[in-house]
Number of protein chains: 2
Amino acid sequence: MSGEVNIKRLAQELNISIATVSKALNDSYEISLKTKNRVLSLAKELNYTPNPAASNLRSNKTKTIAVIIPCIANNFFSLAIKGIEEIARKYGHHVLIYQTHEDTEMEMSFTNSLLNGRVDGILTSVSSNEYNSDYYRDLVKKIPLVFFDRVYESLDAFKITTDDYQISFTATEHLIKCGCLKIAYLYGLGNLPAGRARFSGYKDALNAHGISYDENLVLNYSEDEDVNLDNIKKLFQDQYPDALFSSIEEFIIPAYLACNYLQLQIPKDVKILSFSNMSSAKLLNPSLTTITQPAFEIGNEAAKCLFKILNKRGIDDDQNIVLKSSLIKRASTGC
Amino acid sequence: MSGEVNIKRLAQELNISIATVSKALNDSYEISLKTKNRVLSLAKELNYTPNPAASNLRSNKTKTIAVIIPCIANNFFSLAIKGIEEIARKYGHHVLIYQTHEDTEMEMSFTNSLLNGRVDGILTSVSSNEYNSDYYRDLVKKIPLVFFDRVYESLDAFKITTDDYQISFTATEHLIKCGCLKIAYLYGLGNLPAGRARFSGYKDALNAHGISYDENLVLNYSEDEDVNLDNIKKLFQDQYPDALFSSIEEFIIPAYLACNYLQLQIPKDVKILSFSNMSSAKLLNPSLTTITQPAFEIGNEAAKCLFKILNKRGIDDDQNIVLKSSLIKRASTGC
DNA sequence: TTTAATTACGTAAACGTTTTCGAATAACCC
DNA sequence: GGGTTATTCGAAAACGTTTACGTAATTAAA
């Protein structure tokens, strides 16, 4: 009764050739409706699905895409993946996930392992630890690829990003309007365009309001949580900032802890604002003013873009899609 | 110069047969060290990696595993995936991710799509919406599979779980010791063993301390956030509980919001305790007492278990691994 | 009626590996 | 030196599809 069910078996039981079966399954115009129905119903009865390896080997299509991100345990990326998955399902594609942990070597190693036909295309959000655009300049010629959020600006490639500069400017202005004059900047994302854009928005907003930029108020992110906590404490003790503007979510916890430790009242003594997709931002003590990126939509758009490429449609479309983030004002900035 | 590089090309350039190349690449004992080195170095030079589809088709090995979970944008699952990925990398395997969104139909559909040789094995955390153990009873005979966290108890299969009953008992006792007498239970996970175990721990702890169980204090989870919020408000207005014990993270935000809305002070008027892997639990207002599952380790153990099966080792080992969760006492329970 | 076009299906090659089996050479034993 | 055993490699089949091409039967066009 059983025994592996493959296309040959279907052909035998129906007394037709395997070519006919294959074409019927792929809804080819060469096959009559009658035969198609016979094939389909037997396939269903026997629970037949084509062997992916064989199909892929012959057709050079995998129905699989890869997502390469720094870390999955991050609100932004897990939401983005959710957005990607939704589109992948719609197109019947499978999704491979790779985490680089911000390690450029790993990032390249994963990517290279996908170039032998394992996937049809790649969605990637690059690591912030090194800027190797040479590698990606070659890569985009080899495989359909869409960058999202963490992109390489100079590259002639498809990119989905957000209005980092503008929203950062707006957010800084908000702090200024709330009366802050010494706004510390918690710097993340290294040399990536997103990191630089957020920083520029901050500096330009200061400048536009006649506040001089002070590099002593800028703190760089460390991958060691404890170091960040210590650095923030030190920042408070040395510079007495009246606000913290964090460019990444990872600073939130140490920032709040430092305030607790130093008995600083938020927002009375210091105001806090951060880029974040943390769902509990509204429940923090006090609730946190955030810049929230449309993470799900970014994933969604990136995937849509990739499938456009895979289906050879709209390649002439604009290569850059920029989505808007939103500033959600809450108690941590006071006003 | 270029042109697709495959095993035939390597063979030609080295003037040996493709069989020899293949064996050399797979480190076969039949091949001399000298030839192996020649092959390996040319492969490296040409950036050759075997075509996965061809390899898989012939060998019936995919070097790929699948992870099927309800939702990736959930702290527990994203951490678990991180744990899974770590092991998968160690074994050089790729990881496919599927989200069921608690939809049993989707869950079965995804799973079925993996039975034609797309993956070597599956890690799954089942949906809570329906209890279809018949399906899984058949499934485990067809493909290597390990359940984690959300398992089917009765099944003769590999399962990685946590001490839900015991930790739930302990947590309930903690609330009782803090003086609570009307502890409401926010019920999640439907009919799954984890859901029932957590509930039993709660009830048995009440019983052990001479507190009678009141079903009016039990609230069931709804997938609609607003409904949960309304239900919690209603619960407060009708039953005046002095504590909320939530069996899933999803109740936290509506619970806090309801308290805010009704001007109930935590922990003075009502104490809150919840299962959760939320990293910001310590920053909530007030900080939240949690039962935290070792999510990363669960993923880790589940993956290890799967690779044991795939490598046909230790099949005689115990099929069930139970890890310990921890009760982290914070301000929301007061004492 | 003849010819061309259309429809519906089959034959067989191809995709890039892995693996079985056989063969050739070298090494060893008595 | 005859026979056995290692060692090292190659020829060819196989994995389960897809697809270019051929062909027979039917239909349409002339």
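Each chain gets a letter, A, B and so on, in the order the sequences are listed, and its residues count up from 1. Computed from a predicted structure; not experimentally measured.
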Is any NZ, NE, NH1 or NH2 atom of the basic residue among A:K90 and A:E86 found under 4.0 Å from an Asp or Glu carboxylate oxygen of the other?
no
List in chain and number order the residues that pass side chain to side chain contact (heavy atoms under 4.5 Å, CB included) with B:L96, two or more places apart in sequence or in another chain; answer none if no residue qualifies.
A:T64, A:H94, A:L96, B:T64, B:A66, B:Y98, B:R118, B:V119
Of all the nucleotides listed (C:dT17, D:dT17, C:dC9), which has the minimum atom distance to the side chain of B:A54?
C:dT17
Check: A:P52 main-chain N/O paired with A:N56 side-chain donor or acceptor under 3.5 Å:
no
Could you tell me the separation between the CD1 atom of A:I31 and the C1' atom of D:dT19, rounded to a whole number of Å?
12 Å
Do A:T62 and A:D120 have side-chain atoms, one donor and one acceptor, less than 3.5 Å apart?
yes
Are any of B:S55's side-chain N or O atoms less than 4.0 Å away from OP1 or OP2 of C:dT17?
no
Would you kindly give the CG-to-P distance between A:D27 and C:dA8, to the nearest whole Å?
13 Å
Rounded to the nearest Å, what distance is computed from the CZ atom of residue A:R9 to the C1' atom of nucleotide D:dC15?
18 Å
Give a yes-or-no answer on whether the side chains of A:Y48 and A:E4 include a donor-acceptor pair shorter than 3.5 Å.
no
Would you indicate which nucleotide in D:dC9, D:dC15, C:dT17 comes nearest to any side-chain atom of B:L57?
D:dC15
Which class fits the ring pair B:F147 and B:Y152: parallel under 30°, tilted 30 to 60°, perpendicular over 60°?
tilted
Could you go through A:E102 and A:C71, starting from their C-alpha distance and side-chain angles, then the distance that decides it, and tell me whether this counts as side chain to side chain contact (heavy atoms under 4.5 Å, CB included)?
CA-CA 8 Å; A:E102 306 282 5; A:C71 179; over 6 Å; no
Could you tell me the separation between the CG atom of B:L25 and the CG atom of B:L10, rounded to the nearest 0.5 Å?
6.5 Å
Please pick, from C:dC9, D:dC9, C:dT17, the nucleotide with the shortest atom-to-atom distance to any side-chain atom of B:N6.
C:dT17
Is A:Y48 close enough to D:dT17 that one of its side-chain N or O atoms is under 4.0 Å from OP1 or OP2 there?
yes
Would A:R89 pass as a cation-pi partner of B:F110, given that its NZ or CZ must be under 6.0 Å from the six-membered ring centre and within 45 degrees of the axis?
yes
Between atom CG in A:L25 and atom C1' in C:dC9, what is the gap in whole Å?
15 Å
Atom CG of B:L33 and atom P of D:dT8 are separated, to the nearest Å, by 9 Å
In B/S/- notation (B base, S sugar-phosphate only, - none; protein heavy atoms under 4.0 Å), nucleotides 19-25 of chain C written 5' to 3' is BBB----
What's the CG-C1' distance between A:L10 and D:dT17, to the nearest Å?
12 Å
Would you work out how much the helix from C:dT1-D:dA30 to C:dC30-D:dG1 bends between its ends, with each end axis defined by five base pairs, to 10 degrees?
40°
Using whole Å, what does the distance between atom C1' of nucleotide C:dC15 and atom CG of A:N116 come to?
14 Å
How long is the line joining CG of A:L14 and C1' of C:dG10, in whole Å?
15 Å
